[in-house]
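Numbering of residues begins at 1 and proceeds along the displayed sequence. Counting starts at 1 for both ligands and their atoms, following the listed order.
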Amino acid sequence: MFEECTKVDALVEILQRWLGTPPDVAVVLGSGWKERAQGLLENTEEIDLRGLDNWPTPAVAGHGASLVLGTLPASEKGPQRRVALCEGRVHCYEGRPIAEVVRGVRALCRWGTPHMLLLNAAGSLRGDWQPGTLMALTDHINFGLPNPLTGGQNCGIGPEFVNLVDLYSPAWRERLIAAQPQVEQGIYVAMPGPSYETPAEVQLLRQLGADAVGMSTVPEAIAAKALGAEVLAMSMMTNLAAGLEGSQPSHEEVLETAQAHGEAAAEALAAALHAAGA
Ligand code: HPA
């Protein structure tokens, strides 16, 4: 894994050289979230990630390929935050090795970013959480995404046997919920995708006690925690999971729902950023 470590370190050097000191919070904007962050930050600087050799850039519709650094201004809603927005992510289902899936997150953490906010789109496993519902993750069940720490991939930093109790920071989440009480809390189950689940799988996942199903976030959360970052993750329910009330999920529906509920999501995103750190 020496080679992977070299790639991460090379990216850290570029971030330091181009952007200086690390931000207070870095955000990975998943499907449907890129537009929610528009106009959020002031005094922005942007790096086109496609110009960086080793930063794997997203190919999925709804994901961007820039890293934007800027300031979320102080307001009555909370203090100023310096923020790095990663406009998209790469997924295992794109055929990417797990080291590539988490490389950007590792670089942001090794740069010194103390708080990592991971956003995604998910299918709701609950009839009472209709599309548009936002959920802060309390925990996850990993049902098929690789663990990024396998094979000593943590670049020799920190333990491999990472304790995942409170992986999703309870303190950060509580501050978010205090500011945005309509944000629900629940368990995210990660599936490999890219096909959506079968209705039978959806029934099984419901019986296991999961609240939302998606195809991302878990490897990034583990990699960030292993490097000492505080992690918060939030899902937007963009559809009812397959078969619930006759649901036939599609990527178009995911993007359309995210658009339709964009204002509430943008507000929750800003609140999550203000809530990072005491
Ligand atoms: N299943 C898995 N991933 C998803 C879904 C879903 O229903 N919706 C958005 N991402």
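Counting the atoms of ligand 1 from 1 in the order shown, those under 4.0 Å from a heavy atom of Met215 are 2 (C), 3 (N). Ligand 1 places these atoms under 4.0 Å from at least one heavy atom of Gly214: 2 (C), 3 (N). If you number the atoms of ligand 1 from 1 as listed, the ones under 4.0 Å from a heavy atom of Thr238 come out as 8 (N), 9 (C).
The heavy-atom pair separating Met116 from Cys109 by the smallest distance is CE-SG, 3.6 Å.
Here the side chains of Lys34 and Ser66 are not in contact, with every heavy-atom distance at 4.5 Å or above. Between Val189 and Val213, some side-chain heavy-atom pair lies under the 4.5 Å cut-off.
Of the protein's non-hydrogen atoms, Ala121 O, 3.3 Å is the one closest to atom 10 (N) of ligand 1. With respect to atom 5 (C) of ligand 1, the closest heavy atom belonging to the protein is Gly123 N, 3.3 Å. Here the protein heavy atom with the shortest distance to atom 1 (N) of ligand 1 is Glu197 OE1, 2.8 Å.
Taking CG of Leu69 as the start and CG of Leu15 as the end, the distance is 9.5 Å to the nearest 0.5 Å. Of the inter-residue distances, the one linking Thr57 atom OG1 with Glu100 atom CD reads 10.0 Å to the nearest 0.5 angstrom.
A side chain to side chain contact (heavy atoms under 4.5 Å, CB included) with Pro148 is found for one member of Ile222, Val101, Val105 and no other, namely Ile222.
Under 3.5 Å, the side chains of Glu42 and Thr71 contain no donor-acceptor pair of N or O atoms.
In this structure, Met191 falls outside the shell of residues with a heavy atom less than 4.0 angstrom from ligand 1.
Geometrically, ligand 1 and Asn239 share a nitrogen or oxygen pair separated by less than 3.5 Å.
Counting heavy atoms under 4.0 Å from ligand 1, residue Ala122 touches it through the backbone alone.
Of the candidates Leu125, Val213, Thr257, Val213 brings a heavy atom nearest to atom 4 (C) of ligand 1.
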